[in-house]
Amino acid sequence: MKYISYNSHSFQKTKYYDRLSQAQKDDFILLSKIFYFKTNNYVLENLIDWDNLENDPMFRLNFLHKNVISAQDYDQLMLFYKAGVKIKELHPFIETIRKKTTPQIPYDDKCFPKQGGQRIQGLYRSFNNVVSLFPDPMLKTCHAYCSYCFRWIAFNNTEVQSNTTYQDPNTPVAYLKENPEINEVLFTGADPLTLNANKIKQYVDPLLEVDSVKTIRFNTKALTWWPFRFTTDKDADNILELFRYIVSSGRNLTFCAHLTHARELQNDHVIEATRKIQATGAKIICQGPVVEGINDTVEDWVALWSQEIALGMQPYYMFVELNHNNEASFRIPLAKAVHIFQEAEKRVKGLQQPFNGPVFMNDVHCVSIDEVTTEDNAKHFALKCLASPYTESEGKVTLIPYDEHTRSAGDLVSMFTPQEVTE
């Protein structure tokens, strides 16, 4: 299959656009003026149930839904639109909504690697032994966009991209050699595997000169947004050869697949791609968020984890969405997330090693909702810090009051940052 991508304009020229109800068309036109939209022919032809769009999780995963903005803003925007106000005249209001929904990501200065007192652009170190790498080309796009993605602000935004990435492949080397406790490097982005293999290799090669780097990891959605990347694309053999090259250097190669629903794995194209990746010696681990309206039942996660295990993958993290969007989001109540994780874990057989969830990844600390406990005759959520730039915080458990309706754990950054740092 030849890759064909669609943005908000070109999608409206497809036969699939005609299958939307009028209400869905209105939502699509308005919401795609606020957020970036991207899909491709594989997603449209293989993943979405066009006869059941109202309840289809894959449609909800790829197409924008009105809950990405507040109900008040949505109603006001739709009122203007139905009254015949032109889109260009709505731009000031749309820009106001964009600003309100721009992700508010808490960073810690300790997480920005420095040399000579100067920040090394494009590197981020939230955990002691791992550094995330953001080469410039890897922050630009994915094969398709997830509706809940909080990194949407970086897409098509040259200012954000230029201020948060690096271009010289040697940029991380000196820092890594000076900090041998870092044994894993993580390529993320948008999606690093949208690049061709030769370009990726340019950024990988310098890392192989650093003896302390034992693991190279790619965070990617490519496996299920475009499985042909690893099977029939003209660059497919090259990317698989790159994987073998990394493994032959003595490094561990971790392919971290971002997965949300079992249907993503239930076709022959994905299964073939999985087998080819595994044959290179790469280990496939899986992570994804629990999100309202897409995978917020025990059955959803039993099906997803079971499919992952059947394909020889390792379930790794179930994420809980943070407060990146203060207006509205796909968050579910924390109590529901705990229930889904615990019940699904009980029902999934064949796990060879434990995995973590529900987990908040707040770009500073990795925090798990460890359990619901009772102290002094009151129920609490027990929050455990799994990883942190502050090693003294790792393993720390903090209790917060239990509320079956709450969707927020509070300020996790302050909660797990040592007091002497915040004073």
Side-chain angles (χ1 to χ4, degrees), residues 102-142 150-195 198-220 242 246 249 251-254 256 324 361-366 386-394 413 416-418 421-422:
T102 296
Q104 303 299 311
I105 302 175
Y107 294 115
D108 190 308
D109 188 64
K110 183 179 176 65
C111 298
F112 294 110
K114 297 180 177 65
Q115 278 185 311
Q118 297 296 313
R119 176 185 167 188
I120 309 172
Q121 189 167 298
L123 276 64
Y124 192 77
R125 184 182 179 184
S126 51
F127 310 137
N128 188 53
N129 70 311
V130 182
V131 65
S132 297
L133 305 179
F134 294 88
D136 175 71
M138 296 184 184
L139 198 65
K140 295 186 183 303
T141 193
C142 305
F150 69 85
R151 292 184 179 178
W152 65 268
I153 191 62
F155 301 148
N156 301 343
N157 190 322
T158 55
E159 181 179 358
V160 171
Q161 292 170 4
S162 63
N163 290 333
T164 57
T165 61
Y166 68 92
Q167 293 187 350
D168 182 353
N170 290 297
T171 297
V173 172
Y175 179 77
L176 290 171
K177 288 183 175 179
E178 291 172 5
N179 294 271
E181 70 277 10
I182 299 174
N183 55 29
E184 179 174 353
V185 293
L186 164 60
F187 286 109
T188 181
D191 195 320
L193 297 186
T194 56
L195 302 185
N198 285 336
K199 190 66 176 178
I200 298 172
K201 187 174 183 294
Q202 291 177 21
Y203 288 99
V204 168
D205 270 336
L207 306 175
L208 301 183
E209 301 301 317
V210 184
D211 292 339
S212 53
V213 173
K214 304 301 182 184
T215 298
I216 293 178
R217 173 173 156 184
F218 293 98
N219 274 11
T220 180
L242 174 61
I246 294 171
S249 74
R251 269 60 176 199
N252 300 308
L253 174 58
T254 302
C256 186
H324 288 131
M361 186 72 75
N362 63 13
D363 295 289
V364 179
H365 313 289
C366 180
L386 303 179
S388 170
Y390 303 95
T391 54
E392 62 267 39
S393 295
E394 294 182 353
V413 175
F416 288 97
T417 298
V421 176
T422 59

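Values reported hereafter were calculated over all heavy atoms of this structure, with side chains retained and with hydrogens, waters and symmetry mates removed.
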Enquirer: Quick check: closest heavy atoms across Met138 and Leu195, and the distance to 0.1 Å?
Expert: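 Scanning both residues, the minimum pair turns out to be CG-CD1, 3.6 Å.
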
Enquirer: Evaluate whether atom CD of Gln115 has more than 12 neighbouring non-hydrogen atoms of other residues, nucleotides or ligands under 6.0 angstrom away.
Expert: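 Yes, the 6.0 Å shell around CD holds more than 12 heavy atoms from other groups.
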
Enquirer: Lys177 pairs by side chain to side chain contact (heavy atoms under 4.5 Å, CB included) with which of Val213, Val210, Asp211?
Expert: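 Single side chain to side chain contact (heavy atoms under 4.5 Å, CB included) partner of Lys177 among Val213, Val210, Asp211: Val210.
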
Enquirer: Calculate, to the nearest 0.5 Å, the distance between atoms CG and CG belonging to Asn128 and Asn179 respectively.
Expert: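 It is 9.0 Å, given to the nearest 0.5 Å.
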
Enquirer: Rounded to the nearest 0.5 Å, how far does CG of Asp136 lie from OG1 of Thr164?
Expert: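 Rounded to the nearest 0.5 Å, the OG1-CG separation comes to 8.5 Å.
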
Enquirer: Can you check whether Phe134 reaches Leu139 side chain to side chain, under 4.5 Å on heavy atoms?
Expert: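 Yes - at least one pair of side-chain heavy atoms lies under 4.5 Å apart.
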
Enquirer: Any non-hydrogen side-chain atom of Leu193 less than 4.5 Å from a side-chain atom of Phe187?
Expert: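 Heavy-atom side-chain distance check fails, nothing below 4.5 Å.
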
Enquirer: Closest approach of Phe218 and Ile246, non-hydrogen atoms and distance?
Expert: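 Here Phe218 and Ile246 meet closest at CE1-CD1, 4.1 Å.
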
Enquirer: Do Asn183 and Ser212 meet the criterion of a side-chain donor-acceptor pair at a distance under 3.5 Å?
Expert: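 There is no such pair (donor and acceptor under 3.5 Å, judged by atom type) between the side chains of Asn183 and Ser212.
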
Enquirer: Minimum heavy-atom separation for Pro113 and Leu123, please, with both atom names.
Expert: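 Shortest heavy-atom separation between Pro113 and Leu123 comes out as CD-O, 3.4 Å.
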
Enquirer: Just wondering, do Pro418 and Tyr390 contact through their side chains at under 4.5 Å, heavy atoms?
Expert: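 In contact.
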
Enquirer: Given side-chain contact (heavy atoms from CB on, under 4.5 Å), test Val185 with Tyr203 step by step and report yes or no.
Expert: CA-CA 11 Å; Val185 293; Tyr203 288 99; over 6 Å; no

Enquirer: On a heavy-atom basis, which atom in His365 and which in Val413 lie closest, and how many Å separate them?
Expert: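 Closest approach of His365 to Val413, heavy atoms only: NE2-O, 3.3 Å.
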
Enquirer: From Arg251 CZ over to Lys214 NZ, what is the distance, rounded to the nearest 0.5 angstrom?
Expert: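 The CZ atom of Arg251 sits 6.5 Å away from the NZ atom of Lys214.
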
Enquirer: Is any side-chain heavy atom of Pro172 closer than 4.5 Å to one of Ile120?
Expert: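 The answer is no, as the side chains (C-beta and beyond) never meet within the 4.5 Å cut-off.
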
Enquirer: Measure from the side-chain N and O atoms of Glu394 to the backbone N and O of Leu386, and report whether any donor-acceptor pair falls under 3.5 Å.
Expert: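 Not at all, since once roles are kept as given, no pair shorter than 3.5 Å links the two residues.
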
Enquirer: With side chains defined as the heavy atoms from C-beta onward, is the minimum distance between Leu208 and Ile216 less than 4.5 Å?
Expert: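 The answer is yes; the side chains approach within 4.5 Å.
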
Enquirer: Hey, are the side chains of Pro169 and Pro135 touching, using non-hydrogen atoms and a 4.5 Å cut-off?
Expert: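 With C-beta onward as the side chain, the pair stays apart.
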
Enquirer: For Phe416 and Ser393, which heavy atoms make the closest approach, and how far apart are they?
Expert: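 Phe416 and Ser393 have their closest heavy atoms at O-OG, 2.7 Å.
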
Enquirer: Going through the checks in order, is the side-chain contact (heavy atoms from CB on, under 4.5 Å) test met by Tyr175 and Ile182?
Expert: CA-CA 10 Å; Tyr175 179 77; Ile182 299 174; 3.6 Å; yes

Enquirer: Report the residues that fulfil side chain to side chain contact (heavy atoms under 4.5 Å, CB included) with Asn219, sequence neighbours left out, ordered by chain and then residue number.
Expert: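 For Asn219 the side chain to side chain contact (heavy atoms under 4.5 Å, CB included) partners, ignoring immediate neighbours, are Leu186, Thr188, Arg217, Cys256, Gln287.
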
Enquirer: How would you list, by chain and number, every residue that makes a salt bridge (charged side-chain N to carboxylate O under 4.0 Å, His left out) with Asp168, sequence neighbours excluded?
Expert: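 Checked Asp168 against salt bridge (charged side-chain N to carboxylate O under 4.0 Å, His left out); zero matches.
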
Enquirer: Taking salt bridge (charged side-chain N to carboxylate O under 4.0 Å, His left out) as the cut-off, I'd like each qualifying pair that reaches into residues 110-130, sequence neighbours left out, listed once.
Expert: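 As it turns out, the salt bridge (charged side-chain N to carboxylate O under 4.0 Å, His left out) pairs with a partner in residues 110-130, which skip direct neighbours, are Asp109-Lys114, Arg125-Glu181.
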
